[in-house]
Amino acid sequence: MPTRNNSTSTAPSDTTERERRTNVRPDGWRNPSPAERYSLVVIGGGTAGLVAAHAAAALGAKVALIERNLLGGDCLNVGCVPSKAIIRTSRLYAEMRNAEQYGAQVPADIRVDFAAVMERMRDIRARISRADSVHRLVAVGVDVFFGQARFTGTDALTVEGATLRFKKAMIATGSRPDTPAIPGLIEAGFLTNENVFDLTELPRRMLVIGGGPLGCELAQAFCRFGAQTIIAQSWPLFLPHEERDAAQLLSDAFARDGIEVRLNTSAVNVRVENGQKLVDLVSDDYKSTVAVDAILTGTGRVPNVDGLDLDAAGVDYDNKDGIRVNDFLQTSNRRIYAAGDACLEHKFTHTADASARIVVRNALFLGRQRVSALTIPWCTYTDPAIAHVGLYVRQARERDIPVRTFTIPMHDVDRAIADDEETGFVKIHVKERADQILGATIVARHAGDMINEITLAMVAGIGLRTLARVIHAYPTQAEAIKKAADAYNRTRLTPFRKGILRKWLRGWV
Ligand SMILES: Cc1cc2nc3c(=O)[nH]c(=O)nc-3n(C[C@H](O)[C@H](O)[C@H](O)COP(=O)(O)OP(=O)(O)OC[C@H]3O[C@@H](n4cnc5c(N)ncnc54)[C@H](O)[C@@H]3O)c2cc1C
């Protein structure tokens with residue numbers, strides 16, 4: 001993939017990087033001799049592949065795992081882990097700049113040591129890589145092969161010249177960044193998630209193309225490190241799937257951070273002049289050109305289906321949506337299943353994990369678990385973070401489900417006030433006249449943690465009546481959920497019930 005930004009990107013090779021490498025792709029690794037036939041062959045050693053291989057081997061299956069690059073896949077190496085590590089430091093810098101607001105003093109001239117930020121990130125990544133290491137796989141009896149897997153038939157594949165036969169296989173080859181078709185972009189050089197974490201120097205000026213989760217998270221982080229950051233999003237709001245008021249709060253937060261927000265804006269051409277990248281932007285009829293040192297794209301993901309010779313295996317796929325699976329995650333070849341980004345619409349680490357567990361049960365134990373039965377939360381880790389689970393109001397309306405929404409602004413929550421984290425809300429949608437939670441959106445500093453309580457309630461079939469009875473430790477931001485549940489309880493007090501209560505209390509007093 002031509003994604004290198006030659007001017008600013010160099011992958012360092014320090015001790016921590018060597019530790020990660022030793023864990024996820026040791027030098028001098030020799031693939032084992034294949035077993036006669038495997039119960040399960042897993043293609044791809046990202047989250048989905050690792051979870052399935054560990055689970056199946058622990059249960060006694062003979063398992064092989066094939067990885068063409070690094071174990072841990074995107075999440076560990078170029079996704080969740082490095083992004084969350086640098087976001088944490090960027091938040092600290094933002095708080096230091098606002099120190100006076102918290103009654104604290106810091107030197108006026110706060111200097112960002114970007115190399116140190118990235119060194120900390122590499123350190124964290126190396127530590128977490130121990131959990132994804134080849135040694136842990138081998139310890140549970142998994143045969144690990146490094147190399148590109150390619151099907152040679154409906155029950156066999158090759159890797160590095162060896163043939164592996166299987167009873168069942170799972171394709172967990174993940175996804176990669178989409179390259180936007182902007183003339184001059186490839187020639188100018190650009191960053192994606194695959195190389196942005198190799199940077200050792202902060203670009204002075206950065207254009208982020210794409211206002212999805214990746215673009216939003218990294219634009220805010222780089223701006224907070226001190227890069228002059230512009231974010232161009234072709235839609236009228238960021239995170240187009242989220243509720244409009246949530247996305248609006250994010251736009252406002254970006255403006256406060258000093259990000260130059262360009263909505264309804266497309267990048268149409270890139271050229272290099274005097275060592276800088278000139279990008280032509282078009283918003284409706286307005287044309288402008290920005291000069292930057294780095295361009296980061298976050299315009300979507302494409303599934304990794306190429307190079308597998310899926311036709312030889314009789315597996316249906318398409319280049320946009322990936323491997324075609326039924327509700328049991330089975331492909332058109334009944335022996336072969338798929339999990340994670342390679343086949344799912346919701347491309348998250350936790351869905352890769354959950355789908356891999358479904359595959360292990362369905363493929364090896366005659367299970368009939370359905371992917372459609374999963375309740376999937378997600379979160380974009382901006383500041384404030386935006387988390388969601390279940391239905392949006394528009395989706396409920398499309399399905400003719402009557403909805404009632406209970407909203408608590410974070411400025412009504414004591415802990416949010418104490419923490420100066422009042423931007424946001426908890427919004428819980430319930431089915432009208434039924435104590436059934438349909439979905440929720442949370443915008444808050446800790447939205448990613450808070451959404452788990454709603455997810456638990458939905459999975460367990462718990463309604464707001466019960467949530468109102470749950471004692472929440474005071475003061476916590478999650479009290480907003482209890483407040484929403486209390487608001488729901490108040491609606492249960494009909495005029496008839498109120499009348500009876502009044503009579504009871506008057507006679508009693
Ligand atoms: C910047 C960024 C931040 C993210 N942040 C979050 C987050 O905060 N929370 C969250 O839930 N999700 C996040 N994600 C998404 C998450 O990383 C992915 O959903 C997750 O990694 C998918 O796991 P997977 O196992 O399906 O695929 P991957 O992790 O992509 O693993 C697939 C593996 O298959 C290998 N492979 C591919 N083809 C072959 C082949 N032919 N032969 C052998 N091996 C092959 C690849 O080398 C790769 O290692 C983020 C993603 C990015 C890019």
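Position 1 is the first residue of the sequence, and the numbers go up from there. Since the model is a prediction, treat every value here as computed from it, not as a measurement. Atoms within a ligand are numbered from 1 in the order they appear, just like the ligands themselves.
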Using side-chain heavy atoms (C-beta onward) and a distance below 4.5 Å, is F222 in contact with L199? yes

Is it true that the NZ or CZ of R68 lies under 6.0 Å from the centre of F146's six-membered ring and within 45 degrees of the ring axis? no

Using the salt bridge (charged side-chain N to carboxylate O under 4.0 Å, His left out) definition, which of the options E17, E19, E119 pairs with R125? E17

Looking at every heavy atom in both V261 and S251, which two are closest together, and how far apart are they? CG2-O, 4.4 Å

Determine, for F365 and R361, whether the Lys NZ or Arg CZ falls below 6.0 Å from the six-membered ring centre while staying within 45 degrees of the axis. no

By chain and number, the residues contacting ligand 1 below 4.0 angstrom (heavy atoms only) are I43, G44, G45, G46, T47, A48, I66, E67, R68, N69, L70, G73, D74, C75, V78, G79, C80, S83, K84, G147, Q148, A149, A172, T173, G174, S175, N193, L214, R301, L308, G340, D341, K347, F348, T349, H350, A352, Y381

I'd like to know if the side chain of Q395 pairs up with that of H429 as donor and acceptor (distance under 3.5 Å, no hydrogens or angles considered). no

